[in-house]
Engineer: 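Handing you this structure, nothing more for now.
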Amino acid sequence: MRGGGKASGLLRLQLISLSSVLFCRIGLSTTPPPNPTENPSLQNAFVALQAWKKVITSDPKNVTGSWVGTDVCSYQGVFCSPPPDDKFGKVVSGIGLNHAQLAGVFPMELGLLTYIAIFHVNSNYFQGTIPSSFSSLTLLFELDVSNNLLAGGFPSVVLEMTSIKYLDIRFNHFEGPLPGGLFGMPLDAIFVNDNNFDGIIPSNLGDSSVSVANFANNQFQGAIPNSIGKMATTLNEILFINNKFSGCIPQPVASLNQLNVLDVGTNKLSGLLSDSIGLLKDLSILNVANNFLTGIIPSSICSLPNLTNFTCSNNYFINVSPTCLSLPSAGVIFDDIGNCIPNQPLPRLLKQCLTFLLQPLSCLLTI
């Protein structure tokens, strides 16, 4: 899932309301181009952008071909607006270079863009990491460097960006653990999926204020923190799919009463699927497939009023209610193949079921 869902929509509304301050394009202005010699902020922007141009190694669309002269507000992908403090007439307030096919690195000089609110460079070929000078970007609201070739540990400079609300570093090559400090930031969206992160999710996950969090397609392991229940007032979507999480699905998940999407598929989770998940009246998508869950597929989940997709295939469930089996006739996607349910299509081999079901029921995987 690459979209930001409700979080993205909320952020866009917030940005629209700020547009008169932060995001007006200089091209819409009838005033002459600002003179950098009279505007230290634009002078710094000129230095930063020229330094960036020098380390861009591939530009097949000739995006930086317009980065000539001192009128930085006329550069392609560079946006200017009046600053919130009215200290200068115009400042560089946004970078928008998504899908530009650029290659290179982020130079330290980008830290000179101190009035920038949006930095969007997704779907390019940038390498290296996010430089420490980004700590100077105290007004940065959205950071999107997704779908590049960035690598190394989690970019710790992010923890110093006090205004950031939207963090998107997915589809890169970052590795190692996530810092606990990430979940103490006032973020609305965290996308760290499709990297090489590993280790456990820090126990303070529940301190996060996000509405959307995506941890999918990494190498995380250990238990999903019980503190997740503290996110009840904000969380709409959370994805843990395709990692190495083990243990039970934490019981506090049942308190996430604003949750729309819960995806824990393709992990090593075990134990029962709690019928208390049936309390999540806003839940639309539930994926628990490809785990080691057993017991009965709860009818309470299949009775959820907003359910559109319930996938519980390739586990060790032993029974399913008629309520669940009737979901397809109501237009709801329901997939329970590959379980130990008698008389259901495409079940597991009997030997596999007996080997697993003869073990004591536990959240500790022993198979």
Side-chain angles (χ1 to χ4, degrees), residues 2-4 8 11-12 15-16 18-19 22-28 33-34 36 41-42 44-81 90-134 136-137 139-151 155 157-158 161 163-174 189 191 194-195:
R2 297 195 57 146
S8 180
L11 288 168
R12 295 299 176 270
L15 291 173
I16 289 171
L18 294 172
S19 61
L22 295 175
F23 309 120
C24 298
R25 290 196 65 168
I26 189 64
L28 300 178
S41 177
L42 291 181
N44 285 338
F46 174 76
V47 172
L49 294 169
Q50 290 301 313
W52 196 7
K53 182 177 180 179
K54 288 180 181 179
V55 293
I56 289 177
T57 57
S58 179
D59 183 7
K61 294 184 177 182
N62 196 31
V63 171
T64 60
S66 67
W67 291 18
V68 177
T70 59
D71 183 11
V72 295
C73 296
S74 68
Y75 290 6
Q76 183 176 345
V78 178
F79 302 90
C80 292
S81 70
K90 293 284 184 179
V91 295
V92 172
S93 57
I95 298 292
L97 292 169
N98 294 343
H99 300 277
Q101 298 182 22
L102 297 170
V105 297
F106 302 137
M108 289 289 289
E109 287 86 349
L110 289 178
L112 294 171
L113 300 175
T114 53
Y115 282 99
I116 201 168
I118 292 180
F119 189 81
H120 285 183
V121 295
N122 76 54
S123 306
N124 285 288
Y125 300 95
F126 288 110
Q127 298 181 341
T129 190
I130 301 171
S132 60
S133 62
F134 269 46
S136 299
L137 309 185
L139 298 179
L140 191 64
F141 191 82
E142 292 194 6
L143 176 63
D144 182 356
V145 295
S146 61
N147 200 21
N148 278 282
L149 301 172
L150 303 174
V157 68
V158 168
M161 299 179 186
S163 296
I164 193 168
K165 297 293 182 182
Y166 181 94
L167 175 64
D168 193 345
I169 60 172
R170 57 187 155 174
F171 292 98
N172 278 289
H173 302 291
F174 291 115
F191 295 95
D194 294 271
N195 279 283

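Being a predicted model, the structure only gives us computed values, none of them experimental.
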Engineer: Check for a donor-acceptor pair, side chain of D194 on one end and backbone N or O of R170 on the other, with a separation under 3.5 Å.
Structural biologist: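 No: the side chain of D194 does not pair with the backbone of R170.
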Engineer: Checking Q127 now: which residues fulfil side-chain hydrogen bond (donor to acceptor under 3.5 Å, both in side chains) with it, not counting sequence neighbours?
Structural biologist: none
Engineer: Return the CD1 to CZ distance between I116 and F79, rounded to the nearest 0.5 Å.
Structural biologist: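 So the CD1 of I116 and the CZ of F79 are separated by 10.5 Å.
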Engineer: So F191 and Y166, ring-ring contact (aromatic ring centres under 6.0 Å, His included) or not? Walk me through it.
Structural biologist: CA-CA 8 Å; F191 295 95; Y166 181 94; 5.8 Å; yes
Engineer: Roughly how far apart are T114 OG1 and N44 CG, rounded to 0.5 Å?
Structural biologist: 6.5 Å
Engineer: What distance do Y115 atom OH and K90 atom NZ have between them, rounded to the nearest 0.5 Å?
Structural biologist: 14.0 Å
Engineer: Output yes when a side-chain donor or acceptor of K165 lies under 3.5 Å from a complementary backbone atom of A189, and no otherwise.
Structural biologist: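 Looks like no, no N/O pair under 3.5 Å.
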Engineer: Applying side-chain hydrogen bond (donor to acceptor under 3.5 Å, both in side chains), name anything that partners S133, two or more places apart in sequence or on another chain.
Structural biologist: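 Here no residue qualifies.
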Engineer: Is there side-chain contact between K53 and V68, with heavy atoms separated by less than 4.5 Å?
Structural biologist: yes
Engineer: Classify the angle between the aromatic ring planes of F119 and F134 as parallel (below 30°), tilted (30 to 60°) or perpendicular (above 60°).
Structural biologist: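 Perpendicular, since the angle between the ring planes exceeds 60°.
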Engineer: Report the distance from atom OG of S136 to atom CG of L112, rounding to the nearest 0.5 Å.
Structural biologist: 8.0 Å
Engineer: Do you know which two heavy atoms are closest between N148 and S146, and how far apart they sit?
Structural biologist: ND2-O, 3.1 Å
Engineer: Decide yes or no on side chain to side chain contact (heavy atoms under 4.5 Å, CB included) for S58 and Y125, but give the supporting numbers first.
Structural biologist: CA-CA 9 Å; S58 179; Y125 300 95; over 6 Å; no
Engineer: Specify the closest pair of heavy atoms between I56 and D59, including all atoms of both residues, with the distance to one decimal.
Structural biologist: CG2-CB, 4.3 Å
Engineer: Does any non-hydrogen side-chain atom of F46 lie less than 4.5 Å from one of Y75?
Structural biologist: yes
Engineer: One pair to check against side chain to side chain contact (heavy atoms under 4.5 Å, CB included): I95 and L49. What are the steps and the verdict?
Structural biologist: CA-CA 10 Å; I95 298 292; L49 294 169; 4.2 Å; yes
Engineer: Give the C-alpha distance, both sets of side-chain angles, the deciding distance and a yes or no for side chain to side chain contact (heavy atoms under 4.5 Å, CB included) between L140 and S163.
Structural biologist: CA-CA 6 Å; L140 191 64; S163 296; 5.8 Å; no
Engineer: So do V145 and I130 actually touch side chain to side chain, heavy atoms under 4.5 Å?
Structural biologist: yes
Engineer: Do you know the tightest heavy-atom contact between A45 and V92?
Structural biologist: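 So the minimum-distance heavy-atom pair works out to CB-CG2, 3.6 Å.
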Engineer: Can you confirm whether H173 sits close enough to L150 that some side-chain heavy atom of one is under 4.5 Å from a side-chain heavy atom of the other?
Structural biologist: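 No, side chains not in contact.
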Engineer: Could you go through the side chain to side chain contact (heavy atoms under 4.5 Å, CB included) check for L139 and M161 one step at a time?
Structural biologist: CA-CA 8 Å; L139 298 179; M161 299 179 186; over 6 Å; no
Engineer: To the closest 0.5 Å, what do you measure between CG (L137) and CD1 (I118)?
Structural biologist: 13.0 Å
Engineer: Checking the side chain of N172 only, and the main-chain atoms of N195 only, is there a donor and an acceptor separated by less than 3.5 Å?
Structural biologist: no
Engineer: Donor-acceptor check, side chain of S66 to backbone of Q76, threshold 3.5 angstrom: yes or no?
Structural biologist: yes
Engineer: Determine all donor-acceptor pairs shorter than 3.5 Å in which one atom belongs to a side chain in residues 97-110; sequence neighbours excluded.
Structural biologist:
| residue | atom | partner | partner atom | Å |
| --- | --- | --- | --- | --- |
| N98 | OD1 | V121 | N | 3.3 |
| N98 | OD1 | N122 | N | 2.8 |
| N98 | OD1 | N122 | ND2 | 3.2 |

Engineer: Other residues, nucleotides and ligands only: do more than 12 of their heavy atoms fall within 6.0 Å of NZ on K61?
Structural biologist: yes
Engineer: Tell me if the centroids of the rings in W52 and F126 come within less than 6.0 Å of each other.
Structural biologist: yes
Engineer: Taking only residues two or more places apart in sequence, or in another chain, which ones meet T129 in a side chain to side chain contact (heavy atoms under 4.5 Å, CB included)?
Structural biologist: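 Partners of T129 under the side chain to side chain contact (heavy atoms under 4.5 Å, CB included) test: P155, F174.
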Engineer: To the nearest 0.5 Å, what is the distance between CG (L167) and CG (L143)?
Structural biologist: 6.0 Å
